[in-house]
Amino acid sequence: MRGKKVLTISLLAILLAGSSLRVSAAGVKDVFDAEYYAGRYSDLKSAYGTDEAALLNHFVTRGAYEGRIMSPILDVVAYRAAYADLNAAFGDDWNAYVNHYLTYGIAERRTSGVLFDLVGYVDGNPDVGAVYGEDYIAIARHYITYGIKEGRSSSGLLRKAVTAASDSLGVSGPTGGAPVGNGWAGGSGNGCGEDVSPGGVLENGGSAGSVSEEGRTAGGISGEGVSGEAAPAGHDHSWKLTDSCAASCREDGYRDYQCQGMVEVRDSAGCMIAIVHCTETKREIIKAVHTRPDEIAHITCEDCTRSGLITYRCTVCGETQQEVIPALGHDYNKEADKPLKSKASTCREAGWDVFACKRCGAEVRETRLLADHVVKEWGVDREAACAGEGIRQGRCSLCSLQVTESIPRTNHANAANINIYADAYEEGTSVRHSVQNITYCMDCGYIIAVSTPSYVNCADAGNGMCGTCGLAVTRKASAGLKVYRTGDYYPVCLDDTAR
């Protein structure tokens, strides 16, 4: 009752001030709620406390571009995103979007981004309507200034659904349980067919956007019988730089980005129930690095064998830094240059070549490989065949070392060509046998060449055997028929089974 008396006095004072109320252009300040804005975002609360001017300035200069919500009445960012005609007309003029909604948008039934039903507020509070009529700029100011503190609400379904959804998530506004949705939708009609536009007024079966820890929308909230699903991922992000810190000489810097895109939320039937802000962020790391001056001094110059050293002073912090330059190495070509002197290798001792460096004149020794053993007589321990290598042994005439070597295998000289048949009957077809032609070595079974399997029709010759291939006519499919490939080995001991 006390709140009602205060309102009556305030309304009476307004009536006494003049016989008529003049409607003026609106802006962000007319729907901005500093307490609500700071209450939604802990970083702003910590930085600005309850400084209304600072909070308002933050939203206009940064918060709107970060997708933040500054009012329990209107999410102006979602309002802009939902209507291309307004975006084309107003650009980044956030005041213009607020003014449009309060002067034209309500009458045009534009509802995307609307968090509180001002029409329902008037319907549910006749004393407010009696004073302000349809001046929604003044009505919005009244709700922000008095209505929230007095616990007033809207008679519309929007207010009820958003408040209930917020309570179900344990999220509330700064005072009086003010609604904290972010971009909701639901249009009139029967859910998915008639008169559904992005961000429609939340009617029966509609759904409001949920709120994450940072106050950004993460998906749908249950309305009356319809549950919203999470905002779809994987859309093309539209990154906007939101914060940055330059790298210093000793600490990395960073650039923070926030996606400015909007994503649709749909229910299980595929009906769009909300257009919400994408909450994806990313950070780029800027590596710390000292700034080198244009002119640097060489303390030690590099040469063929010694590293060089550069010393410079950072032009930012003044700290002295050193950089090592690798030694150049000697300049010569052991393949093309003529050696100054040489020694031949033996099978016991490696020889060497000495080259002169073209840069410093130093002599550089390159070691040769050992020479091969010299064996005049070999004894064969195992003859080479097509199935495997052979082995031979002999004694080096220079160092008397016993030497063992392998003998390369021989070619496959004893080749044969056969057709291999197998039962390949398939149900519902005539009797068929598969046939594959192979060429193989009769000594070791190595398959030298092979054809792709083909199929031949077979017929019973009267004795239960196929008259073409001689196999039994079983009319029974064989599982896992063997298919030969080049390099396989044919079982030579089973040659008698081939036809």
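For reference, positions follow the sequence shown, starting with 1. These numbers come from the heavy atoms of this one structure, side chains and all, not from hydrogens, waters or symmetry mates.
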Would you call the rings of [X] and [Y] parallel, tilted or perpendicular if under 30° counts as parallel and over 60° as perpendicular?
X      : Y      : value
Tyr121 : His142 : tilted
Tyr41  : Tyr37  : perpendicular
Tyr79  : His100 : tilted

Is the backbone N or O of [Y] less than 3.5 Å from a side-chain atom of [X], with the two atoms forming a donor-acceptor pair by type?
X      : Y      : result
Arg359 : Gly329 : yes
Asn125 : Val128 : no
Glu251 : Cys249 : no
Tyr97  : Gly91  : yes
Asp488 : Tyr484 : no

Determine whether [X] and [Y] make a side-chain contact, defined as any pair of heavy atoms from C-beta on separated by less than 4.5 Å.
X      : Y      : result
Tyr257 : Thr281 : no
Ser71  : Ile144 : yes
Tyr136 : Val119 : yes
Asp92  : Tyr65  : yes
Leu55  : Leu44  : yes
Ile148 : Tyr143 : yes
Ile139 : Val122 : yes
Leu118 : Leu102 : yes

Check side chain to side chain contact (heavy atoms under 4.5 Å, CB included) between Val324 and all other residues, then give those that pass, not counting sequence neighbours.
Ser307, Leu309
Check [X] against [Y] and note the closest heavy-atom contact, atom names and distance.
X      : Y      : result
Asn333 : Glu335 : OD1-N, 2.9 Å
Leu370 : Ala350 : CD2-N, 3.3 Å
Ile286 : Cys245 : CD1-O, 4.1 Å
Asp30  : Ala26  : OD2-CA, 3.2 Å
Gln436 : Ser451 : NE2-O, 3.0 Å
Thr486 : Ile448 : CG2-O, 3.4 Å

Other residues, nucleotides, ligands: >12 heavy atoms within 6.0 Å of Leu369 CG
no
Please check if atom OH in Tyr104 has more than 12 non-hydrogen atoms from other residues, nucleotides or ligands closer than 6.0 Å.
no
Once side chain to side chain donor-acceptor pair (under 3.5 Å) is applied, do any residues pair with Asp252, and if so which ones, sequence neighbours excluded?
Lys287
Would you check if there is a donor-acceptor pair between the side chains of Tyr332 and Glu366 at a distance under 3.5 Å?
yes
Would you mind checking if Glu323 and Arg292 are paired as a salt bridge, meaning a charged N to carboxylate O distance below 4.0 Å?
yes
Salt-bridge test for Arg365 and Asp353: reply yes if a basic N is under 4.0 Å from a carboxylate O, no otherwise.
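Between Asp353 and Arg365 there is no salt bridge, as every charged N stays at least 4.0 Å from the carboxylate O atoms.
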Before you tell me yes or no, could you show the steps for Trp94 and Phe32 under ring-ring contact (aromatic ring centres under 6.0 Å, His included), namely the whole-Å CA-CA distance, both residues' side-chain angles and the distance that decides it to 0.1 Å?
CA-CA 12 Å; Trp94 302 107; Phe32 181 76; over 10 Å; no
Would you please test Asp33 and Arg40 for salt bridge (charged side-chain N to carboxylate O under 4.0 Å, His left out) and show each step?
CA-CA 11 Å; Asp33 187 335; Arg40 283 184 65 90; over 6 Å; no
Any chance you could measure [X], atom [atom1], to [Y], atom [atom2], to the nearest 0.5 Å?
X      : Y      : atom1 : atom2 : value
Asp43  : Tyr48  : CG    : OH    : 8.5 Å
His330 : Lys358 : NE2   : NZ    : 12.5 Å
Glu108 : Tyr101 : CD    : OH    : 11.5 Å
Asp75  : Ser112 : CG    : OG    : 10.0 Å
Thr291 : Gln321 : OG1   : CD    : 10.5 Å
Lys338 : Phe355 : NZ    : CZ    : 11.5 Å

Check the pair Ser244, Tyr254 against side-chain contact (heavy atoms from CB on, under 4.5 Å), reporting the backbone distance first and the verdict last.
CA-CA 6 Å; Ser244 64; Tyr254 62 86; 5.6 Å; no
Worked check of side-chain contact (heavy atoms from CB on, under 4.5 Å) between Arg68 and Gln258:
CA-CA 11 Å; Arg68 304 206 192 207; Gln258 167 76 47; over 6 Å; no
Scan residues 254-263 for pairs that pass salt bridge (Lys or Arg N to Asp or Glu O under 4.0 Å), counting only residues two or more places apart or in two chains.
Arg255-Glu284, Asp256-Arg283
Do Arg250 and Glu319 pass the salt bridge (charged side-chain N to carboxylate O under 4.0 Å, His left out) test, and can you show the C-alpha distance, the side-chain angles, and the key distance before you say yes or no?
CA-CA 10 Å; Arg250 298 180 180 86; Glu319 182 177 329; 2.7 Å; yes
Take Val450 and Ile447, measure what side-chain contact (heavy atoms from CB on, under 4.5 Å) needs, and give me the verdict at the end.
CA-CA 7 Å; Val450 65; Ile447 296 179; 4.3 Å; yes
Where do Cys304 and Cys357 land on the side-chain contact (heavy atoms from CB on, under 4.5 Å) test, with the steps shown first?
CA-CA 9 Å; Cys304 294; Cys357 174; 3.8 Å; yes
